[in-house]
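Numbered from 1 within each chain, the chains take letters A, B, ... in sequence-line order. Worth knowing before you read on, the calculation uses all heavy atoms, side chains too, and leaves out hydrogens, waters and symmetry mates.
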2 protein chains.
Amino acid sequence: MTEPSTLQDRLIAQFDAMPPQMQIAAKHLIDHPQDVALMSMRDLARRAGVSPATMTRLAQFLGASGYEDLRHEQAETIRRGEGFAARALATPHSAPEALVQQVLEELARHVATLTQPETLASIAAAARALSKARRIFVLGARSCHAIAWHFHYVMSLLGERTRHLDGPGGTGPDALMRAQPGDMLLAISVSPYAAAGLELAAHARTQGLGVVAITDSAVAPLAGLADHLLVCPTASPGFFHSLTPAMALSEALCALLAESDRAGALAGLERSDAQLRALGTYATAIPRRPG
Amino acid sequence: MTEPSTLQDRLIAQFDAMPPQMQIAAKHLIDHPQDVALMSMRDLARRAGVSPATMTRLAQFLGASGYEDLRHEQAETIRRGEGFAARALATPHSAPEALVQQVLEELARHVATLTQPETLASIAAAARALSKARRIFVLGARSCHAIAWHFHYVMSLLGERTRHLDGPGGTGPDALMRAQPGDMLLAISVSPYAAAGLELAAHARTQGLGVVAITDSAVAPLAGLADHLLVCPTASPGFFHSLTPAMALSEALCALLAESDRAGALAGLERSDAQLRALGTYATAIPRRPG
DNA sequence: AGTAATATGAAACAAGTGTTGCTTCGCGTG
DNA sequence: CACGCGAAGCAACACTTGTTTCATATTACT
């Protein structure tokens, strides 16, 4: 009688009873259910980092006679449009749900806005400039700290080129003392514009650093002293300014920088990975759920 | 300049130039475009009442190298949710611009994904739980630090309810010592899952705290011990996992929490604002460009 | 510590995949 | 009436598919 359950539900329900490799496979199916019907089992297994045999075993573990059973089931699900397309149904939401929907829809729209051709060109140009820099100093005060830190963190996995102008005791800006010609500054600043960040950016500018600015207006304080200006929308139906589009910009920059030196990025990542694994930083196995 | 039109459009456009059998095949593809990706070509040919060879010829007639080209194209279309496609405005990009566009489009799509009704309900439920908490501890290790910090920062403008489990000298987790029943934990964790964060979350759980988790899979390590689970996609065409959707989730939560106590939020904001202005934290005028 | 039980990947398997070359068919033209 | 020519099916092709088998690790339990 309990048969209307979806593939994902069954995978989740039985997840804890699976052997490790099968859990890896199951996790992949849960996270990419569409791919069950859209690609071959062997390809899927390769992406999941699992032997093809494991996929067959997983299918049989779920009670199916084989993997093709799963495929047919998922194909039927997709045909019914339950894949993703359940949009724009009349939405008899509660008040809070309506608000979340508004917020998220606006964020999605804002991020989509960034794909305008001129914006793309600005991003590409900024990335090109940053990729040539000897060092990249990263600056983001107050709310923009999140973006600055994230950019620095990601880049630090690739190598040693970024310096984050922040730190305990207010000693963050000190790193600028070692700035040299050929270095660049990535500064993030949205309204209300933190004075400290602006002063530091202006100072860096006087030292001859090139400036890439992520900010919320073409006439924001940072705009005047930026060599490359990336404007991101921050409006939101909610209480606060949004930093999601700024985060998207930052991630786009990271993607470009990694791509511009693919080999170097890979090498750096591998070195990071080796150390992090050696230190047991990451959980390796998918742990059982506590009973 | 590649393929400004969808498969169906191209089929219709060239329909009249096709030989009879090929038209039968084409009609079937036009009427059941999904099946191109969801079943084998031979099956499809059988249903259309056409020889398999005709299908191959049809594909090549359209300029594709073979039928599998069509299959991949359709699979991609289905993956994107098919229904509404802001696709393929002629984009004669340079390579880097094409990559940025892909990245940003995928991010926008992911954020849009979060507006599914079930997701909205989860977010609303999580926010409700958090709004009732006496205190909210915020936890995000490594890459997730950006999200955790941002949530804490925004909430700290409203009042004193959040504690960020991080800090210099590794003393971050200490704040948990003062946790009491009725407190909650907001934990953020995406793959690769940082072990430290997971342990801390598990520990908080044993102390009786309710847990809201933002993570990237229904079977992520955090999922098992979460009372409220918010799943955000992290895939990206670029090198790295994306945190933009997680940021969007966090901002949605903030918006709801502020809204749930509008008066309190306003009062808190005013107090923050007063102090920050008194200290000259924010730049008031737009400075002229130096020199 | 030793043994039974289980989990796993490599390789072998038959069945099915999309493609291609060849043949046949139908039909209009010289 | 040959003739040529495109269309369509058949059958063999090389390849990939999902599955199974089996030997080897790995794990769990006295």
Side-chain angles (χ1 to χ4, degrees), chain A residues 7 10-11 14-29 32-76 78 283-291, chain B residues 7 10-11 14-29 32-76 78 219:
Chain A
L7 171 63
R10 276 179 293 155
L11 284 168
Q14 306 223 39
F15 190 82
D16 296 318
M18 298 175 187
Q21 287 295 312
M22 195 182 285
Q23 286 191 339
I24 297 176
K27 181 172 192 301
H28 233 80
L29 296 206
H32 311 284
Q34 314 229 57
D35 287 354
V36 174
L38 293 179
M39 55 176 24
S40 81
M41 186 208 73
R42 284 176 120 108
D43 283 350
L44 197 59
R46 201 169 307 123
R47 290 207 190 191
V50 152
S51 142
T54 304
M55 284 293 178
T56 295
R57 292 183 183 121
L58 171 58
Q60 293 167 345
F61 184 88
L62 291 179
S65 84
Y67 183 88
E68 307 230 41
D69 276 24
L70 301 193
R71 176 195 296 284
H72 280 101
E73 185 182 326
Q74 273 309 99
E76 207 45 50
I78 290 178
T284 48
I286 299 176
R288 306 286 161 136
R289 293 198 235 182
Chain B
L7 170 64
R10 278 179 293 155
L11 283 169
Q14 307 221 41
F15 191 83
D16 296 325
M18 298 176 187
Q21 287 294 312
M22 195 181 286
Q23 285 191 343
I24 297 177
K27 179 171 194 317
H28 225 80
L29 295 206
H32 312 283
Q34 313 230 62
D35 288 354
V36 174
L38 293 180
M39 53 173 42
S40 82
M41 187 206 73
R42 285 176 118 108
D43 284 350
L44 195 60
R46 201 169 307 123
R47 290 208 190 191
V50 153
S51 142
T54 303
M55 284 293 177
T56 295
R57 291 180 183 126
L58 171 57
Q60 292 168 345
F61 185 86
L62 291 179
S65 85
Y67 183 86
E68 307 230 42
D69 275 24
L70 301 193
R71 178 198 296 287
H72 278 103
E73 186 182 323
Q74 274 308 100
E76 204 48 46
I78 290 178
V219 291

Interface polar pairs with nucleotides 22-28 of chain C, N/O, under 3.5 angstrom:
none

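Proximity of a side-chain donor or acceptor of A/His72 to a complementary backbone N or O of A/Glu68 within less than 3.5 Å is detected.
Residue-level contact check: A/Gln60 touches the backbone only, with heavy atoms under 4.0 Å from sugar-phosphate atoms and none from bases. If you check every strand for non-hydrogen atoms under 4.0 Å, A/Ser40 touches sugar and phosphate atoms only. Residue A/Thr56 is in base contact, counting any heavy-atom pair closer than 4.0 Å across all strands shown.
With hydrogens and angles ignored, no donor-acceptor pair closer than 3.5 Å exists between the side chain of B/Arg42 and the base of C/dG16.
The phosphate of C/dT17 (OP1 or OP2) has no side-chain N or O of B/Arg71 nearer than 4.0 angstrom.
Checking B/Met22 against A/Asp69, the closest nucleotide of DNA chain D that is more toward the 5' end is the one next to B/Met22. Of the residues near DNA chain C, A/Val50 and B/Arg46, the one whose nearest nucleotide (by heavy atom distance) lies more toward the 5' end is A/Val50.
The line from CG of B/Leu7 to CG of B/Leu62 is 7.0 Å long, rounded to the nearest 0.5 Å.
Taking the side chain of A/Pro20 as heavy atoms from C-beta on, and the options C/dG18, D/dG9, C/dA7, the nearest nucleotide is C/dA7. Closest to the side chain of B/Thr54, from the set D/dG18, C/dT17, D/dG9, is D/dG9.
If you measure from atom CZ of A/Phe61 to atom C1' of C/dA7, you get 12 Å, rounded to the nearest angstrom.
With a cut-off of 3.5 Å on both pairing distances, the Watson-Crick and G-U wobble pairs of DNA chain C assemble into stems of 3 or more at C:1-30 with D:1-30.
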